[in-house]
There are 2 protein chains.
Amino acid sequence: MPDQRVEATAASARPAATPAPEAKPAGANLLFLREEEIRAAQDLLFFAYRDFTGAADVILEELGMGRAHHRALHFIGRNPRIPVSDLLAILRITKQSLARVLTTLVERGYVTQAQGRDDRRQRLLSLTPAGEALERRLFARQRERLSAAYRDAGGAAVEGFRRVMRGIMDEAARSYMDRAEAAQDGAPAPSHAPAPRNGPQRG
Amino acid sequence: MPDQRVEATAASARPAATPAPEAKPAGANLLFLREEEIRAAQDLLFFAYRDFTGAADVILEELGMGRAHHRALHFIGRNPRIPVSDLLAILRITKQSLARVLTTLVERGYVTQAQGRDDRRQRLLSLTPAGEALERRLFARQRERLSAAYRDAGGAAVEGFRRVMRGIMDEAARSYMDRAEAAQDGAPAPSHAPAPRNGPQRG
DNA sequence: TTAATTAAGTCAACGAAGCTGACGTATACC
DNA sequence: GGTATACGTCAGCTTCGTTGACTTAATTAA
C-alpha cells in the first residue's frame with residue numbers, strides 16, 4: 001500500500017514564499033506578520049472544520065445519509081418544534097434542498113412533523129426517540145474531537161475560541177447563538193429565529 | 001419584500017429542550033453543562049465556517065468559479081512549487097476532483113505547472129502573477145471578517161482560538177501547520193507534506 | 001367577506017464538487 | 001528490464017446545492 005509517505009517530498013530548493021527579507025520599511029514587518037496570522041487562520045478553519053465534520057461520516061455512510069442530514073438532525077434536535085422556515089433560515093439553503101433530506105428523515109422515523117397550534121400552516125419539526133438516539137451517536141463522534149481539544153487547550157483558550165468564532169459569524173448567527181444560550185438558561189420557549197437576513201430568498 | 005421576520009415565531013409553549021430540572025443527582029448538572037458546551041461548539045463551527053467561506057463567494061461567482069477553486073488557489077499560494085500529490089493530501093480529495101478545478105485554473109492563467117527538477121515526473125504548482133492577484137482579492141474579503149473578529153476578541157482570545165482549532169484537527173493537519181509555521185520563520189524549502197495518513201486513497 | 005399574503009410542499013431541471021473504476025504515459029528506482 | 005510512482009484522463013455516479021413554476025391551506029388585511 002502506498003502509504004502516502006509524502007515526507008521530505010519536494011524538499012528541493014524553492015524560492016521562499018516569504019518576500020525577500022532585505023530593506024523592510026518600518027512597520028512592514030508587523031503588517032506582514034498580521035497578514036500571515038490571518039492566512040494561518042484560514043488554514044485553521046479549513047482543517048478544523050474538515051476534521052470536525054468528517055468525524056461523523058462513518059456512521060452517516062453506514063446509514064446511507066450525508067452531512068446535510070446530520071445538520072438538519074442537529075438543529076432540529078437543538079430546537080424542538082422548530083418551524084420549517086426557521087430551520088431554512090438557520091441552514092441558509094432552499095426549501096427544495098431541505099425537502100430532500102427532510103423527506104428521508106421523516107420516512108425513516110427520525111423526525112416528526114406536528115401542526116402548529118397558533119399557526120396551523122406550520123409544520124413543527126422535532127426528533128423522535130430514534131432521531132434523538134441517532135443524533136446522540138453522531139454527536140458522540142464529534143464530541144470526542146471537541147472535548148479532547150477543549151481539555152487540552154484549557155478553559156481560558158475555550159473562552160477565546162468562543163469569542164473569535166462568534167466574531168467570524170455574521171450578526172444574524174450571533175443573535176441566534178445568544179437566543180439559544182438564553183433558552184439554555186431556562187427562559188421559556190424562545191424563538192428559533194435566525195434573525196433578519198438580507199440575501200436572496202428565491203425558490 | 002418579506003424580510004424574513006421570523007422574530008417571535010413559534011413562541012408558543014414548547015416542552016423545554018432541557019431535561020426536567022427536578023431530582024438531579026450530584027454531578028449530573030456539570031455533565032450537562034459540559035455537553036451543552038460541546039453542542040454549542042458545533043453551532044460555532046457551523047456558523048463561523050459558513051460565513052467565513054461565504055465571504056469570498058461574490059468574487060468567485062462573478063468569475064464563474066467555486067469554493068473548490070478558492071481552496072486550491074489558497075494552498076498553492078501558500079505553498080509555491082507544491083507537487084500535485086501534496087496538494088491532494090492537503091485537500092483530501094481525489095486527483096479527478098482536483099483535476100477539474102486545476103484545469104480551469106491553468107487554462108485561465110492563474111496557476112502554472114513546472115516540471116520538477118530532481119523528480120521530473122512531478123508537476124510543481126505555483127500561482128502566476130494573475131493568480132496571486134486573484135488570491136489577494138479573495139483573501140481581502142475573508143480578511144475583513146477574520147481581522148475584525150481578531151481585533152474584537154483580543155490577542156489572548158486569538159491564542160486560545162488557535163489552540164482549540166489545532167486540537168480539533170487531526171495529527172496530520174497539526175504537523176502540516178507546524179511545518180508551515182517553521183517555513184514562515186525563514187527555514188529554507190520545507191516539505192508541503194500533509195503528513196502520513198491512513199484513510200482510503202483510491203481512484 | 002373577499003383578496004392578498006404567508007407556510008409549506010412538490011415537480012422538473014440544472015450545476016458544483018465530491019466519488020469510483022479503469023487506463024495511459026513518463027520517470028524513477030531496484 | 002521490470003516494478004512502482006506521479007500525473008493525467010475518460011466515463012459515469014452521488015450528494016447537495018441552485019432556479020423556476022405551481023399548488024394547497026391558513027392567516028391577515030382591505
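Everything numeric here is computed off the predicted structure, so don't read it as measured data.
- A close approach under 4.0 Å does occur between a side-chain nitrogen or oxygen of A:R71 and OP1 or OP2 of D:dG17.
- Sequence order on DNA chain D of the closest nucleotides to A:M65 and B:R121 puts B:R121 first from the 5' end.
- If you measure from atom CG of B:L87 to atom P of D:dG8, you get 11 Å, rounded to the nearest angstrom.
- At the heavy-atom level, B:E61 lies nowhere under 4.0 Å from the strands shown.
- A donor and an acceptor atom, one from each side chain of B:S175 and B:R179, are located under 3.5 Å apart.
- Along DNA chain D, the nucleotide nearest to B:L102 and the one nearest to A:S97 differ in position, and the one closer to the 5' end is contacted by B:L102.
- The side chain of A:Q113 places an N or O atom within less than 4.0 Å of a non-bridging phosphate oxygen (OP1 or OP2) of C:dG9.
- The interatomic distance linking A:K95 (NZ) with D:dG17 (P) rounds to 17 Å, in whole Å.
- Here the P atom of nucleotide C:dT27 and the CZ atom of B:R117 are 17 Å apart, to the nearest Å.
- Following rounding to the nearest Å, A:D57 (CG) and C:dC19 (C1') show an atom-to-atom distance of 13 Å.
- Distance CD (B:Q115) to P (D:dG8): 11 Å, rounded to an integer number of Å.
- Atom CZ in B:R92 sits about 19 Å away from atom C1' in C:dT20, given to the nearest Å.
- Considering only side-chain N and O atoms, B:T94 lies under 4.0 angstrom from the phosphate OP1 or OP2 of C:dC19.
- Checked against a 6.0 Å centroid threshold, the rings of A:F52 and B:Y49 do not count as neighbours.
- With the end axes of the helix from C:dT1-D:dA30 to C:dC30-D:dG1 each set by five pairs, the angle from one to the other reads 30° at 10° resolution.
- Of the side-chain N and O atoms in A:Q96, none sit less than 4.0 angstrom from OP1 or OP2 of D:dG20.
- Per the geometry, CD1 belonging to A:I93 stands 15 Å off P belonging to D:dT15, to the nearest Å.
- Checking D:dC7, C:dT27, C:dT10 against the side-chain heavy atoms of B:V84 singles out D:dC7 as nearest.
- Side chain of B:H69, nearest nucleotide from C:dA17, C:dT27, D:dC16: C:dA17.
- Ion pairing between a basic and an acidic side chain is recognised when a charged N comes within 4.0 Å of a carboxylate O; A:D86 and A:R81 show no such pairing.
- Side-chain N/O atoms of B:S85 include none lying less than 4.0 angstrom from OP1 or OP2 on D:dT5.
- Ranking C:dG18, C:dA7, D:dA26 by closeness to the A:R120 side chain, first place goes to D:dA26.
- The minimum heavy-atom distance linking A:R108 with A:G64 is given by the pair NH2-O, 4.1 Å.
- A donor-acceptor pair under 3.5 Å is absent between the side-chain atoms of B:N79 and the main chain of B:I82, judged by distance alone.
- The backbone N or O of A:R120 sits less than 3.5 Å from a side-chain atom of A:Q115, completing a donor-acceptor pair.
- Residue-level contact check: A:R100 touches the bases, meaning some heavy atom is under 4.0 Å from a base atom.
- With salt bridges taken as basic N to acidic carboxylate O contacts below 4.0 Å, one links A:R78 and B:D43.
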Side-chain donor-acceptor pairs of residues 132-139 of chain A under 3.5 Å, sequence neighbours excluded:
residue, atom, partner, partner atom, Å
A:E135, OE1, B:R39, NH2, 2.2
A:E135, OE2, B:R39, NH2, 2.9
A:R137, NH2, A:E62, OE2, 2.9

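- One atom, CZ of A:R67, and another, P of D:dG17, lie 11 Å apart when rounded to the nearest Å.
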